[in-house]
Amino acid sequence: MADLLQELNSQQQAAVAAPAGPVLVLAGPGSGKTRVLTYRIAYLIAALGVPPYQILAVTFTNKAARVMETRVNTLLGGKTDGLWLGTFHAICGRILRREAAHLPIDHNFVIFDADDQITLVKRVIKEMGVNDKDYRPHQVHARISSAKNDLIGPEDYPIENYRDETIAGIYKAYQAYLVGSNALDFDDMLLYTAKLLETNPTVREKYARRFRHILVDEFQDTNKAQYYLLTHLASVHHNIFVVGDEDQSIYRWRGADYQNILRFSSDFDHSQKILLEQNYRSTQTILDTAVAVIDDNKNRTQKHLFTDRGTGERVTVYEAKDDIEEASYVVDTIARQVMLGRAKESDFAIMYRTNAQSRLLEEAFRRANMSYRLIGAQRFYGRREVKDLISFMRLIYNPRDEISLARVINLPPRGIGNVTLEKLQNYARQKGQSSGEVLLSLGGGDARQAADALGRAADRLQSFAEMLTGWRLDLERMSLTELFDQVLRDTEYQAFITDDRDEEQDRWANVLELRQVLLEYEDQGMAQFLEAMALVADQDTLPETLEAPTLLTLHAAKGLEFPQVFIIGLDEQYLPHSRSMDDPEEMEEERRLFYVGITRAENCLYLVRAQRRRSPYGSYETMLPSRFLQPLPDELIQGRISRPIERRSTFDMSVYQWDRQYGSPSQRKRSAPPKAREQRFYPEMHVEHPVYGEGVVRNSRLEYGDETVEVYFEGIGLKALVASLSSLEVLGEE
DNA sequence: GCATCGGATTTTTTT
DNA sequence: AATCCGATGC
């Protein structure tokens with residue numbers, strides 16, 4: 001083991017061999033964070049003789065968990081039996097299944113994924129007679145989710161206005177539905193576990209005593225539920241070792257709070273703090289670029305990132321004329337380097353803010369006859385036929401699952417429409433049962449009462465009820481794939497999906513692929529299979545070995561590294577994203593996201609923008625260069641971007657065209673526009689524009705020597721205007 | 001009960 | 001552009 005410590009620098013050694021007690025490791029990007037975690041585990045086991053089952057290691061993603069597992073196994077030669085290593089959600093699932101006796105659900109609960117959650121919110125909204133225009137299911141769900149992440153149950157939901165009251169009502173009904181379905185959603189997994197540990201001292205002690213050592217990855221991304229969960233688990237031994245970097249906190253929208261890093265030092269007495277500042281990944285130029293960007297954030301502790309990898313190449317900044325050229329620039333640049341033998345396809349990653357941005361890239365790659373691997377978005381598990389069949393499995397495993405039942409009961413169509421389904425649901429509710437339980441008694445044959453009450457509906461339900469009853473028995477005596485095949489046969493599913501004209505091949509192929517996945521769970525059983533389906537992200541399903549460039553969102557890029565990185569879409573509204581313009585905290589998060597992207601690069605970094613893009617709306621829109629490009633010092637970059645004032649192309653074209661046609665005071669006299677030195681416009685100001693009329697300023701900032709004003713015009717929407725070109729008049733302030 | 005059509009509405013990031 | 005929802009007609 002002493003040998004192993006030799007392979008680490010002194011900061012890493014200090015962390016790995018830190019004495020027991022709370023330890024906070026602040027790890028800059030590329031500083032060997034995973035290395036420290038895995039060596040720490042190996043150190044505890046091999047050098048200190050801690051039995052593996054007394055160690056708990058938590059990550060956020062399955063990928064991170066898998067990487068750690070393999071590395072620990074390599075270090076220890078496989079002597080890790082009993083070690084708990086997994087994502088927060090997987091660990092919680094494990095605890096909750098064991099402790100189901102203390103919960104309102106039983107141990108074979110199912111997990112509702114994002115789609116199920118929305119479906120359920122919609123259903124509740126409908127049943128409550130709430131207008132879904134005023135209460136958008138996605139928004140309502142977001143409110144429920146963030147309440148859960150803050151450990152706020154339906155009863156404690158803070159009510160300040162009528163809207164809150166309605167949402168609290170939906171939350172309550174939503175939660176009741178989950179319990180009735182013997183189901184949890186993602187957030188419940190954390191919430192239930194945290195609450196259980198908080199309220200039940202016996203259970204808390206059981207786990208807190210067991211886990212002598214707790215290690216946490218990506219600590220800056222923990223939310224309140226996760227933080228308290230960890231606090232409870234560490235309440236006996238206090239040996240909690242967390243690794244994080246506040247500059248890489250990018251999950252605020254999911255309730256993550258990087259302030260947990262500060263909280264850690266004050267909540268855990270005598271905690272040690274260790275900084276990892278040496279970067280082993282990137283060239284100095286890339287690090288300097290990253291620092292130049294992140295320095296604009298206010299709430300952060302400065303770190304002194306350094307590397308001995310040398311200066312390296314300058315960062316390439318490229319401005320494409322439009323989004324199509326942006327994509328072909330990326331593909332051309334990669335193709336050229338590959339052709340020259342200077343790089344191989346898998347050296348490259350292309351990162352973007354939103355999944356939608358991958359489309360033009362994919363088209364460009366296909367045009368060039370090059371393969372690529374796309375992370376996320378295309379979603380094997382999101383395919384209809386895959387979801388359908390998982391729903392069948394879920395319903396068989398847990399007949400109380402109302403959402404799965406509603407999904408598959410008429411699949412393929414067998415004459416059970418909404419009316420029949422509602423009759424069934426109403427009857428079930430009357431009886432205090434779930435729809436599935438009613439079906440099972442119907443299928444069992446001794447339910448004269450139900451059959452009478454349901455009348456004609458019962459006839460239609462009968463055959464499905466019998467199938468379901470049969471599958472329940474099959475579950476006991478068949479293997480998983482046999483059951484799967486039985487369901488396919490009974491429902492004549494293949495004929496159903498092959499009925500459609502196009503992509504029929506694909507859809508059946510997906511079914512077979514799912515069957516293949518099921519085969520891997522033959523030994524572990526249905527519970528494990530369903531849990532994996534719910535918790536394993538699509539990111540994990542891609543072949544690692546494919547020799548091709550990787551396309552992924554900036555979020556998905558965290559924790560990865562590539563020799564050459566493209567970040568595209570460096571335009572206002574894209575990065576930073578339009579949704580984060582109003583809130584300084586969110587703007588800082590966008591900057592961190594960019595920082596994460598930059599620091600993925602080992603040797604070469606390309607920052608790409610486009611002067612105009614086709615908006616997901618319709619026609620082309622002129623873009624302003626991202627504010628994040630501004631702090632980059634000239635000596636670090638090669639290539640230029642046009643400044644809004646120097647090139648006409650980057651201000652609001654509609655205004656310009658109008659001005660040119662009809663002339664406006666500002667346009668008539670001026671040859672070179674006067675540069676704004678001082679900000680003239682502030683949020684809430686009322687202004688008048690010659691074309692759009694009166695509006696209210698939302699936001700304004702000085703950049704590139706001029707002032708860019710975002711104004712909201714009634715009936716027109718938000719417009720970004722360049723102050724010196726658009727003759728805005730101030731009407732007054734509120 | 002089901003299929004089809006038209007209109008409205010959408011847009012971040014993910015365990 | 002794509003999806004979702006509701007209304008309409010069969």
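Both backbone and side-chain heavy atoms feed into the values below; hydrogens, waters and symmetry mates do not. Letters go in sequence order (proteins before strands), and every chain restarts at 1. Not measured: the values here are computed from a predicted model.
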Closest to side chain of A:T553, choosing from B:dT13, B:dT15, B:dT11: B:dT13

Going from OG on A:S328 to CG on A:L360, what distance comes out if it is rounded to the nearest 0.5 angstrom? 9.5 Å

Between A:K122 and C:dC5, is there a side-chain N or O to OP1/OP2 distance below 4.0 Å? yes

Which whole number of Å gives the distance between the C1' atom of C:dG6 and that of B:dT11? 23 Å

Below the 4.0 Å mark, does B:dT13 have OP1 or OP2 next to a side-chain nitrogen or oxygen of A:N355? yes

Would A:R579 and A:E586 satisfy salt bridge (charged side-chain N to carboxylate O under 4.0 Å, His left out), going step by step from the backbone distance to the final call? CA-CA 9 Å; A:R579 294 282 286 257; A:E586 287 193 23; over 6 Å; no

Most 5' of A:N410 and A:T354 on DNA chain B, judged by nearest nucleotide: A:N410

Does B:dG1 have its OP1 or OP2 closer than 4.0 Å to a side-chain nitrogen or oxygen of A:R460? no

Between A:Q226 (CD) and B:dT14 (C1'), how many Å, whole number? 12 Å

So, A:Y493 versus A:F496, ring centres under 6.0 angstrom or not? yes

For the rings on A:H232 and A:Y207, is their centre-to-centre separation under 6.0 Å? no

Measure from the side chain of A:H138, starting at C-beta and using heavy atoms only, and say which of B:dC2, B:dT15, B:dT11 lies closest. B:dT11

Regarding A:F186, tell me which of base, sugar-phosphate or nothing describes its non-hydrogen contacts under 4.0 Å with the strands shown. base

Under 4.0 Å from OP1 or OP2 of B:dG1: is there any side-chain N or O of A:T420 that close? yes

Grab the CD1-P distance between A:I250 and B:dT13 for me, whole Å please. 12 Å

